[in-house]
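Have a look at the structure below, then the notes.
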Amino acid sequence: MKKHLVIVESPAKAKTIEKYLGNTYEVMSSFGHIRDLPKKNLSIDVKNNFEPTYQISAEKQKIVNGLKKSTKSAQDVWLASDEDREGEAIAWHLCEALGLDPKKTKRIVFHEITKPAISHAIENPRTIDINLVNAQQARRILDRLVGYELSPVLWKKVRPGLSAGRVQSVAVRLIVEREREINDFKAKDNYKVTANFVASNDEFVSELNAKFDTDENTRRFLKDCIGAKFTVSKIDKKPGTRSSGAPFTTSSLQQEAARRLGYSVKQTMTLAQRLYESGHITYMRTDSTLLSNQALAEAKSYITSKYGAKYHNQRQFKTKQSNAQEAHEAIRPTNFSNQNIAGDEGQNKLYKLIWNRTLASQMSNAELARTEVSIKISSRPELFISKGEIVIFDGFMKVYGRKGEDVILPELTLNQSLKPKQILGRQTFSKPSARYSEASLVRQLEELGIGRPSTYAPTISTIQTRGYVEKKDLEAKEREIKVLSLINEKIEESTEIDNYGADRAKLVPTPLANVTTDFLTKHFAPIVNYDFTAHAEKDLDLIAEGSEKWVDMISKFYSSFHKLVEKSETVSRKESTQTRELGVDPSTKKPVFARYGRYGPMLQRGEVTDEDKPTFASLPENTTLDNVTLEDALEMFKLPRDVGKTDEGELITSNIGRFGPYIKVGKTFVSIKTLDPLTITEKEANKLYKEKKKEIDNKYIKVFKGGIKVVNGPYGPYVTNGKRNVKVSDDKKAESITEKEAKELLLQAPIRKAPHRRKKAKARAKK
DNA sequence: CAGTGAGCGAGCTTCCGCTTGACTT
């Protein structure tokens, strides 16, 4: 008997759906898009109505062949890709590739993988919505035009191999601008005053409702407090509530997993993918906070039976993002009764987070009792305020959120008089905006409507691999703060060391990002504007409604965009590399420039047109192209410098290179991480050189004929012939390996494939 | 993991969004 063929996007989904549909249906998967614009060139005929040329990519050919075969033997075909722009396009591409008539082939959609949803879908087929397909084509073509016309401009004007795009260039811009904001930030200081009172043997803290701008004013306040009377002037008790957050979307899951578990967005997505494939959670790339009716009902029964009806509060959270497509449910457990799952530690932690969050979203608000006590000072108008908070009913906090650390104030009565044990006035500084983490950048992009759940993690990777952004731990800086204290009616002043600015895994822009962003914001402002995507989305909506033609939208965009591309050709290299003349070197009478070079920021002395070639030097540490001075630069031109001689009488020189400061003896380079090449002494240099020599002597455990070596590598000993590397197994002693054994090991070595080739191609490109 | 930076010109690079594995180090 011929079966009905249903095609979905995800193979994991296919398995589940097949179970629900029974054996008269065969469910197959397209593994996402099956056709796309070829990578090697633009593949858009801009002179012929932007006609795109699509191609089935090599890795999808097999899948398409399989689908074709099943199509031929099937009774009919049902296209069940996701209900969004991309899903509609996938359905249309499937028609094109499988030879189906888009006007006749059945198209079905479901937002959730539950039996009722699937039955409902099967009963209500429609045909492909070509307007929605065209909106996707417009999106695709727009992105290709921007990416493939803008990137080559950067190759010419900034550096080969760079990339620019509607999403990534804005992501980089956000990071560049945040860093500049932080650098320009001037911290303001003021004085925060706290008092420790004692009542019925309990000590509690109170904070003054005013801050002082100077230490003098703080001192005056403390002085006024000597001999003053402190009385409770107001006790305000009121109830409060706290409510749970919405179930997870991709973006909120990435943020919470980073905050609570310390995962990178990539780690989170890999773990979630495993959980999805093993059937523990629903789809992990979603922008919706909605739960299926089935999930709502299951949560209800689980919560009522486990915690009692009082804890249940059924709720559906509206998705806030305006561009959300809501093709899927929120990320939730597929079965609430699974509190734990079989899987590694990472999967378990992430699962638990999802389980807790989903359940909490269906639980009651927490109820709190809040108390605010005001304490009057007889000699001053300000008030000391103490706040207490007690959890009366924990509600959702039973499973999610901080376990409400109660702040309990002692029993106080109106007009009660209090004695301060101590009053402190502490200098505090205002803080600049925080640097972006991976997750907070995703949140910002989502807020701007830029990027999709499936691209957040790859975008974060791209901007790092292109060298625009680095993930860094930032060390704390120290500053002195003043502390004024009033104890036993005596005022004392002291200083404390305040460690500030320490931060983990934050995104920091490189000089390349600064140069590129400045270039793009100056010459391609419309593309890197924060609302470019939002405007484009409005047009895409019009196309999807059928009230605008996609070719009109693209053609309108392209005519203005392409003009910018043409105009950018006239931008001088001097401008695009941000060349700045620092002054003239008094000894050579040549001009000194700071600019962005082939390998990063650099200094140049003399012009290219000079008879003798210009000389180059690195930027001194802790300076940038914007703030480096002529004096700084002249110091750098003292390099390379003769440091002295080794014990064997060889010359030692010092310099700064691509990988930082180094000393050089013959052909041996030694990094000097903390020392300054301008001041390093002969003695220091010799010590480092000897250590390096020892390391080199230890590197080769054995050297055989024909270039075969046993090498002490960073991951343990390995055998190499220069082409292939084989790890020496742990049970073997590297020192005892014979030439014969080494040869045998090399024969077993795997041939390095694609990633290796790619690396080589990159290396070639650099040259 | 190697110590540059001009300019010449070969041939290369590049986008965003859907999906999974197969790569290593």
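To find a chain, count down the sequence lines: A is the first, B the second, and so on, and within it residues start at 1. Every value quoted in this text rests on a predicted model; they were computed, and no experiment measured them.
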Side chain of A/Tyr283 (C-beta onward), nearest among B/dG17, B/dT19, B/dG3: B/dT19

Nearest-Å distance for atom pair CG/P, residues A/Leu619 and B/dG5: 17 Å

Sugar-phosphate only, base, or nothing, as touched by A/Lys667 at under 4.0 Å among non-hydrogen atoms: nothing

Neighbours of DNA chain B within residues 130-140 of chain A, by heavy-atom distance under 4.0 Å: A/Arg139, A/Arg140

Closest-nucleotide 5' rank along DNA chain B - winner of A/Tyr148 and A/Gln273: A/Tyr148

Atom pair distance, as rounded to whole Å: CZ in A/Arg35 and P in B/dG17: 20 Å

From B/dG21, B/dC15, B/dT19, nucleotide with atom closest to A/Glu277 side chain: B/dG21

Pair pattern of DNA chain B in dot-bracket, where unpaired bases get dots and | marks partners in another strand, Watson-Crick or G-U under 3.5 angstrom: .........................

Residue-phosphate contact under 4.0 Å: A/Arg166 side-chain N/O, B/dG17 OP1/OP2: yes

Residue-phosphate contact under 4.0 Å: A/Arg466 side-chain N/O, B/dC15 OP1/OP2: yes

Check: A/His33 main-chain N/O paired with A/His93 side-chain donor or acceptor under 3.5 Å: no

Aro-ring/base stack A/Tyr662-B/dG3, d under 5.5 Å, angle under 30°: no

Per A/Arg598 side chain, nearest of listed nucleotides B/dC16, B/dG5, B/dT19: B/dG5

Considering all heavy atoms, the nearest A/Phe110-A/Ile108 contact: CE2-CD1, 4.1 Å

Sugar-phosphate only, base, or nothing, as touched by A/Pro11 at under 4.0 Å among non-hydrogen atoms: sugar-phosphate

cation_pi(A/Arg466, A/Tyr468) dist<6.0 Å, angle<=45: no

Nearest listed nucleotide, side chain of A/Asp84, among B/dC16, B/dT14, B/dC18: B/dC18

P-based separation of B/dT20 from B/dT24 [nearest Å]: 23 Å

A/Ser163 side-chain N/O to B/dC15 phosphate OP1/OP2 under 4.0 Å: yes

Below 4.0 Å: OP1/OP2 of B/dT20 and any side-chain N or O of A/Arg285: yes

With A/Glu575 via side chain to side chain donor-acceptor pair (under 3.5 Å) - residues at least two apart: A/Lys522, A/His523

Side-chain N,O (A/Ser10) to OP1/OP2 (B/dT20) below 4.0 Å: yes

Sugar-phosphate, base or nothing in reach of A/Asp82, heavy atoms under 4.0 Å: sugar-phosphate

Whether A/Trp155 stacks on the six-membered ring of B/dT14 base, 5.5 Å and 30° limits: no

Residue whose nearest DNA chain B nucleotide is more 5′ - A/Arg144 or A/His328: A/Arg144

Listed nucleotide nearest any side-chain atom of A/Ile90, set B/dC18, B/dT14, B/dG5: B/dC18

